[in-house]
Amino acid sequence: MPQLSSQHLKGHRELRLAHLALSFITMGFVWQEGEEETVKLLPRNLAVPYWEISQMLGLPPILVHADFVLANWKKKNLNGNLDTIFSLPGGESLRGFILVTCLVEKAAAPGLKVQYNSYNLQRHRQSRQEVTDYVDPAIFYAVIRIFLSGWKDNPAMPGGLIYEGVSDEPMSYSGGSAAQSTVLHAFDELLTIHHSKESTAFLHRMRDYMPPHHRAFIEEIQSAPSLKQHILSSGNEKLRIAYNQCVSVLADLRTYHIAIVTKFIVIAAANAKAKKGKPSHWAGNFQINPPSSLQERGTGGSGILSFLKSVRDTTRAGIIQG
Ligand code: HEM
């Protein structure tokens, strides 16, 4: 592959498309042999343009949620049906995972506009239910997940990755995760939800994987006068009830997400372990060979269930008592 030049790219859209393309090529290159034969060096013909484009966009040189989901869709036909632009192994399940997550983002958009209310969060929850319809947990666990993994806090790549022609020192970056989605960060800030120190540290680190203007949007909500404080000092019962509804639905959404993660990771891990080495060790066309380094951790690198439960519980603790 010749070394690509980033000089001819014009405007934000072309840069985002280039980041998306190089991210998919990089994840495919790094994880093509599974977790056993991981590479230690990204060749310069890939690393140099990837680094330059990432610098221009203020994004890290790894696949992020803003690539994988937010930029990776196109209209399939005039009816507006969607398709992904780039793919990795995982077939229809991968397509379902990307597009359903994309629809969850879309469902959240009205909630991020001024008419913030619990109805929008309900819609957010409904669209998430489709993950179970379109994504096979066995394929998600054994085939898709590894390609979203990063080279930070990952025992399969403890030394990170050298970006040849950029630096001689290896660099470490977390993998793609919906924890990098702006949506729940924005809801948390709007409702003044305080998570534990450890969870906050992880979630704030995930903000470094967002496009800079997404991060700025969250910070702007954070620095604005507190909605919760206003409700508390107003003594207005209707406002308190409306606020509490929002907090409850956000906590319910997180409970639902925990159920999804249990199905797609915890139960899928147990099933994969039980089948290991057996001839039935196939899901559709894909052989089940799940990465062991990801058994306990999310692709973003978190210790999964304790983190998700803590975040759900601190959300619920935001309720204003009457
Ligand atoms: C098969 C479906 C899904 C699985 C297996 C899954 C798994 C996970 C895992 C393991 C984490 C922990 C962070 C990490 O280390 O990556 C996480 C966090 C998170 N996920 Fe998902 N996820 C799924 C679908 C979604 C969807 C559709 C969304 C919606 C945009 C979403 C939003 C989030 C958010 C916002 C967090 C951060 C924790 C929080 O704020 O509650 N996830 N997910």
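One-based numbering, in listed order, for ligands and for the atoms of each. This one's a predicted model, so the numbers in the text were calculated from it and none came from an experiment.
Residues His19 and Tyr50 bring their aromatic ring centres within 6.0 Å. For Phe140 and Phe97, the distance between ring centers is under 6.0 angstrom. Proximity of the aromatic rings of Tyr141 and Phe264 is defined here by a centroid distance below 6.0 angstrom, and this criterion is not met.
Of all atoms in ligand 1, numbered sequentially from 1 with element shown, those under 4.0 Å from a heavy atom of Phe140 are 5 (C). Ligand 1 places these atoms under 4.0 Å from at least one heavy atom of Val261: 6 (C), 7 (C), 8 (C). Atoms of ligand 1 found under 4.0 Å from any heavy atom of Val131 (numbered from 1 in listed order, with element): 1 (C), 2 (C). Heavy-atom proximity to Ala178, at under 4.0 Å, picks out these atoms of ligand 1: 20 (N), 28 (C), 31 (C), 32 (C), 33 (C), 34 (C), 35 (C), 42 (N). Close contacts of ligand 1 with Ile260, meaning ligand atoms under 4.0 Å from a residue heavy atom, involve 1 (C), 2 (C), 3 (C). Contact atoms of ligand 1 toward Ile265: 5 (C), 10 (C) (distance under 4.0 Å to a heavy atom of the residue). Contact atoms of ligand 1 toward Val104: 29 (C), 30 (C) (distance under 4.0 Å to a heavy atom of the residue).
Backbone and side-chain nitrogen or oxygen atoms of Arg254 are examined, and one is located within less than 3.5 angstrom of a nitrogen or oxygen of ligand 1. On a distance-only criterion, Ser177 and ligand 1 share at least one N/O pair closer than 3.5 Å.
Remark: among candidates Phe202, Tyr141, Tyr134, Phe264, the nearest residue to atom 1 (C) of ligand 1 is Phe264, based on non-hydrogen atoms.
For the pair Asn244 (side chain) and Ile320 (backbone), a donor-acceptor distance under 3.5 Å is present. A donor-acceptor contact shorter than 3.5 Å is absent between the side chain of Gln55 and the backbone of Trp51.
Using a 4.0 angstrom heavy-atom cutoff, Ile304 counts as in contact with ligand 1.
At a threshold of 4.0 Å, the pair Arg207-Glu189 counts as salt-bridged, since one of the basic side-chain nitrogens sits closer than that to a carboxylate oxygen.
Shown are Thr84, Thr101, Leu94; of these, the side chain to side chain contact (heavy atoms under 4.5 Å, CB included) with Phe68 is made only by Leu94.
Contacts between Val135 and ligand 1, counted as non-hydrogen atom pairs separated by less than 4.0 Å, are absent for every part of the residue. Contacts between His257 and ligand 1, counted as non-hydrogen atom pairs separated by less than 4.0 Å, involve the side chain only.
No side-chain N or O of Gln229 forms a donor-acceptor pair with one of Thr192 less than 3.5 Å apart. Thr26 and Ser23 are not linked by any side-chain donor-acceptor pair at a separation below 3.5 angstrom, with hydrogens and angles left out of the test.
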